[in-house]
Each structure stands twice: as structure tokens, then as C-alpha cells.
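Atoms within each ligand, like the ligands themselves, are counted from 1 in listed order. The basis for the numbers below is simple: all heavy atoms, side chains too, and nothing from hydrogens, waters or symmetry mates.
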Amino acid sequence: MTETPQSRAARLAHLRRDELAKGDPVPLPLTMASMYHLPGDPTGFNQYGRFFNPTWSAVEKLLGHLEEATALAFPSGMAAISAVFFALLKSGDRILLPSDGYYTTRVLADRFLKSMGIAIDTRPTSSFLDGGFESYRLVFVETPSNPGLDICDIAAVAGAAHAAGALVVADNTTMTPYGQRPLDLGADIVVAADTKAPNGHSDVLFGHVTSRNPEIVSAVADWRKLSGAIPGPFEAWLVHRGLETLEVRFDRMCNSAEVIVQRLKDHPAIDAVRFPGLPDDPSHNLARMQMDRFGFLIGLTLESEQAAESFINKCALIQPATSFGGVHSSAERRARWGDAVAPGYVRLSVGCEPAEELWRAMQEALA
Ligand SMILES: *Cc1c(COP(=O)(O)O)cnc(C)c1O
């Protein structure tokens, strides 16, 4: 059977069905446990809450289904990224990061990997292939990059990086598995913040690592077990619930973004728009090749910091907030965190509000 995003979405809500005995609850029970009943030989049984939890396993099953890989759950996106770095890198290694990706990934590498003797280089996402990948142990891509929404060719990076002997990690947070599947394009590892659209209700931090390589999975699982970077069962339960509606929310968010971006582009108060779905966007051709959807994030440049702040704060249907991917639309001026973008650059996360209502509110705020 060839799976499509639709067939994966359809089966997702029924994955538990095979495990159910007559009379079992259909929804996932929340299991809070540090201790498991364990007389005698512990081999092959649930042993301890740092090693195993059935509620994490249920989320991992959904994430693994969506990416056709083994998934490991973490308490945040950064915990997932840290696990990959600390489980797989050693002194003397050299790694390549995007210079325009999620800021905290670079800070983590700079503050903690460097002092362990790991060399770090950075490169812009839009020219990530330039210079090749000779001498790298690990190459990390984030596409579309947050916040600039530039794209790199994952299959081309994976081909060249593998030829040079490097592992390829893709941060897929901005797309989710319904928008892009980097493992299909040759990446060895996907990391993502389920804090964003997968949970979708802005009430939980969560992350995951997926891979189809059993050695990588085993190293990252050992890291989690030994370091104790484990997710809470309740958070896992909430993410499980979120994942059951991800396809519906993501579809609505991407559709609305496609409608609204066309109108923003023509609005006199907007100087520039970045969205991979616009035919004249520098990312468009690559986006069509490697993404299933164009996403729900829009980059907007207004003429000044003041104009951008006024748009964000006046719009009744936009939450002025950092982070993205929630059911409510949200936006922020990324320069307030020091990202290398124009002072009037706004990262807009289109939520699940009906598109025409959202557009009306935006028009009022821009007037
Ligand atoms: C938010 C984010 C992260 C970090 O996730 P947390 O859950 O906040 O730790 C990593 N990468 C990208 C691209 C993100 O947007």
C-alpha cells in the first residue's frame, strides 16, 4: 500500500484499535507511574518511570506512524535537539548549523559543544549547499528556516553530506510531518518541537527525534534514559490528543495562509512578504519539489518597528506572542530577540480562525 498524507491521517486515529480488549476505553488512558509491579527477574518488563511510560509510547507510536520511523519523545524541542548532539557527537567532531535557523540551537552548540572540543560552522539556509560538506560529522538543516522562511534542498544536502561521510539532521518544526518528510528526502534524523503545531493548543512543551537507523535510535534512547531528559506523562497525553487533530488544523492553517498571503502581498502597508507558496518567492520551486504543503508561517515586512508593533497589537484576532502553530493566530517582531531581520519584520503564524474573519481583523489593524 502506498501511503499518502491522507491515508496516514485516516489511520492515525485508529492505531490503538488493534491493542484494545473488549471493554477498554477507546481514548488513551493517562498513566502516571514511576514504579511498576516488578517481582523477580525484571528482564522484559516495565521497570522504572525514567526508562518507560505507556503514555509516551502511545505518542511515539503516532509520531512514528506519521514519519514511518522510530520516534523518541522528549520534554521539549530543545531536549530533542540536545539528545541528538550529546548522544552522537564527540570531541574532535565538526558540525554545520544554519546561521539563520532557530537561535537557541546555535547558542546551545556555542555554549556547550564548543567547550567539549566540537567545532561549529554556520551557513545561510538559502546557500547551504555552497562549500560542500567535507570534514563534517553532522550537518543540521532547518527548512523552511525560522524566522526567515528560506529553504534548502534536503535531498541535495543529504546526497552531498552522505558522500562526505556526514549525518544529516533536519529540524522539521515549521512543517510537521503533514507538510514535509525529511527522512523520505534522505535525512538520517528528524528533530521537531511538538510544542508548536503538533500539540497546537499552546499549553505544553514537547519534542521528538525520529530516525530509520536503529543505531541512531538506540544511542538517542540511551541518552534519554541516562540523562533523564524524559517527557512528563500528562504532557505526552496532551500531545497525543493534539496529534489526533493535527491534520485538520494544519490543513485549515495552510489553506488560510495561502488565501491571506495573496491579500497581504497587495496591501499598501506591507513592504515585503515571504511565503514559500507565492510563485515569485525565492523558495517556491524548491518548496514545490520537497514540501507537501507551504505551511502556515508568513514573513511580513512593515515599514518600521512602530508600524509592525501597531499591526500585531491592534489586530483583535492575533495574539502578540512568541512561539507559533497554535489554534489562535499569533505574531511577533523577531528583531526584538536580536534575529538578523528588518526591525519591521513580523513572523505571522496563521491559526484556525475562519480565514475571512481573520482577514477582516488584519485589514482593520493595517488601516
Ligand atoms: C520552537 C523551536 C524549537 C525548540 O522547541 P522548544 O519546545 O521550545 O524547546 C526548535 N526548533 C525550531 C525551529 C523551533 O521553532
Could [X] and [Y] be called an ion pair, given the rule that one side-chain N must be under 4.0 Å from one carboxylate O?
| X | Y | answer |
| --- | --- | --- |
| Glu356 | Arg263 | yes |
| Glu142 | Arg123 | no |
| Asp150 | Arg274 | yes |

- Query: Under the salt bridge (Lys or Arg N to Asp or Glu O under 4.0 Å) criterion, do Asp121 and Arg94 qualify, and how do the steps go?
  - Reply: CA-CA 8 Å; Asp121 294 329; Arg94 175 173 287 273; 2.7 Å; yes
Could you go through ligand 1 and list every pair where one of its N or O atoms sits under 3.5 Å from a protein N or O, giving the atom names and the distance to one decimal?
unit_1	atom_1	unit_2	atom_2	d
ligand 1	7 (O)	Gly77	N	2.8
ligand 1	7 (O)	Thr195	OG1	2.6
ligand 1	9 (O)	Gly77	N	3.2
ligand 1	9 (O)	Met78	N	2.8
ligand 1	11 (N)	Asp171	OD2	2.7
ligand 1	15 (O)	Asn146	ND2	3.1
ligand 1	15 (O)	Lys196	NZ	2.7

- Message: Under a 3.5 Å cutoff, is there a donor and acceptor pairing between the side chains of Asp292 and Gln180?
- Response: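 No, because no side-chain N or O of Asp292 sits under 3.5 Å from a partner of the opposite role on Gln180.
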- Just how far is it from atom CD1 of Ile318 to atom CD of Glu353, taken to the nearest 0.5 Å?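 One gets 8.5 Å once the value is rounded to the nearest 0.5 Å.
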